[in-house]
Amino acid sequence: MSIIFDNVTFSYKIPSPQDVLHEFSFQVNGGEKLGIFKQSGWGKSTLVKLITGEEKLESGRIIIAGYEKQNWKKMFSNLSILFQEPDKQFVFPNLKDEYEFLTENENNKSRGKKINTTQKMDELARIFEFDLQKYISENRTIFSVSSEERKILQILFTISGEEEYLIMDDPLLYLSEKSQQQFLNYLSEIDKTILILARDKKPLRKVF
């Protein structure tokens, strides 16, 4: 299984027609990690918007885990996307509500495995030396934490599931140098199919 962009074409029509992607193709095979590094304005976030359906393909195909974008429910059942801006990721402003929403089905089974989201979140929080349960018990909101704390919470809530495919848009944004290294160490060791979209390749070399 792979992440595949097959001859994808997309352009913005306003204020004037402008090609962002023209017959753009790439493939990330199962278990591989691939980075696309371009400056702002190239279209990295547009790739994410095409996957989520926020923008519509003009031509070409997007295939993830064997499913085309038309079959989005099955595609997203095995895919996590870390958006560039943390605020876009949260469903609830209250962290406790977000946490309970994400962990309410952890006793169910996914692809034959018991989901233990709570344990996975706690393990990842320890990598960041971040006291997740303290933030939950204090009934904090996303508006009461710093930009870096919000980014760490976004990471914990997004990539602690069983999904085998991970797409990240500027994943180091808002993180301190220490937090960046902690996150990069984690990404270099996990066994997932990962696509990273970022402006600067240098700090991400450890992952590839």
Minimal non-hydrogen separation, L124 against S160, with atom names:
CD2-OG, 3.8 Å
Tell me whether the rings of F183 and Y186 are parallel (<30°), tilted (30 to 60°) or perpendicular (>60°).
parallel
Is it true that N7 and E23 share a donor-acceptor pair across their side chains at a distance under 3.5 Å?
no
If we count only N and O atoms by modelled type, under 3.5 Å, do the side chains of Q27 and N29 hold a donor and an acceptor together?
yes
Looking only at side chains, do E148 and S179 share a donor and an acceptor under 3.5 Å apart?
yes
Between OG on residue S80 and CD on residue E162, distance to nearest 0.5 Å
10.0 Å
Hey, is NZ on K192 packed in by over 12 heavy atoms from elsewhere, all under 6.0 Å?
yes
For the atom pair OH (Y165) and CD1 (I64), what is the distance rounded to the nearest 0.5 Å?
9.0 Å
For atom CG of D200, is the number of surrounding heavy atoms from other residues, nucleotides or ligands below 6.0 Å larger than 12?
yes
Start with the C-alpha gap between I62 and L47, add the side-chain angles, then the distance that decides, and say whether side-chain contact (heavy atoms from CB on, under 4.5 Å) holds.
CA-CA 10 Å; I62 298 174; L47 294 180; over 6 Å; no
Could K88 and F83 be counted as a cation-pi pair, given that NZ or CZ must be under 6.0 Å from the ring centre and within 45° of the axis?
yes
Under the side-chain contact (heavy atoms from CB on, under 4.5 Å) rule, what do F157 and M121 come out as? Steps first, then yes or no, please.
CA-CA 7 Å; F157 289 161; M121 283 187 189; 3.7 Å; yes
Evaluate the criterion side-chain contact (heavy atoms from CB on, under 4.5 Å) for residue pair I51 and M75; output intermediate values, then yes/no.
CA-CA 10 Å; I51 293 170; M75 188 176 84; 4.0 Å; yes
Shortest non-hydrogen pair, E163 vs S77, comes out as CG-O, 4.0 Å
Just one of K201, K44, K33, M168 clears the side chain to side chain contact (heavy atoms under 4.5 Å, CB included) bar with I196, so which one?
M168
Would you call K178 and E129 a salt bridge, taking side-chain N to carboxylate O under 4.0 Å as the test?
yes
Verify ring-ring contact (aromatic ring centres under 6.0 Å, His included) between F130 and Y135, making sure each step is shown before the conclusion.
CA-CA 9 Å; F130 187 85; Y135 285 73; 4.6 Å; yes
Hey, are the side chains of I127 and N185 touching, using non-hydrogen atoms and a 4.5 Å cut-off?
no
Of all heavy-atom pairs between P86 and K151, which one has the smallest distance, and what is that distance?
CG-CD, 3.8 Å
Closest non-hydrogen atom pair between D122 and Q133, with its separation:
OD1-NE2, 3.1 Å
Give, for atom CD1 of I63 and atom OG of S2, the distance between the pair rounded to the nearest 0.5 Å.
9.0 Å
Taking the six-membered ring where the residue is Trp, are the ring centres of F26 and F24 under 6.0 Å apart?
yes
Side chains of N94 and T141 only: does a donor on one sit below 3.5 Å from an acceptor on the other?
no
Could you tell me if Y174 and Q84 have a donor-acceptor pair between their side chains, going purely by distance under 3.5 Å?
no
Given L95, T158, D97, the one that forms side chain to side chain contact (heavy atoms under 4.5 Å, CB included) with F90:
L95
In this structure, which one of L82, I194, V207 forms a side chain to side chain contact (heavy atoms under 4.5 Å, CB included) with P171?
L82
Would L102 and V91 satisfy side-chain contact (heavy atoms from CB on, under 4.5 Å), going step by step from the backbone distance to the final call?
CA-CA 10 Å; L102 293 170; V91 177; over 6 Å; no
If two hydrophobic side chains count as joined below 4.5 Å and joins carry through other members, does L156 share a cluster with V145?
yes
Can you tell me if E58 and S11 form a side-chain donor-acceptor pair at under 3.5 Å?
yes
Considering all heavy atoms, the nearest L57-L50 contact:
N-CD2, 3.9 Å
Looking at every heavy atom in both I81 and Q89, which two are closest together, and how far apart are they?
O-NE2, 2.8 Å
Is the backbone N or O of L173 less than 3.5 Å from a side-chain atom of D170, with the two atoms forming a donor-acceptor pair by type?
no
Checking salt bridge (Lys or Arg N to Asp or Glu O under 4.0 Å) for the pair R61/E68: CA distance, chi angles, key distance, verdict?
CA-CA 7 Å; R61 299 186 303 160; E68 289 201 44; 3.3 Å; yes
Quick one: do the Q181 and E177 side chains pair a donor with an acceptor below 3.5 Å?
no
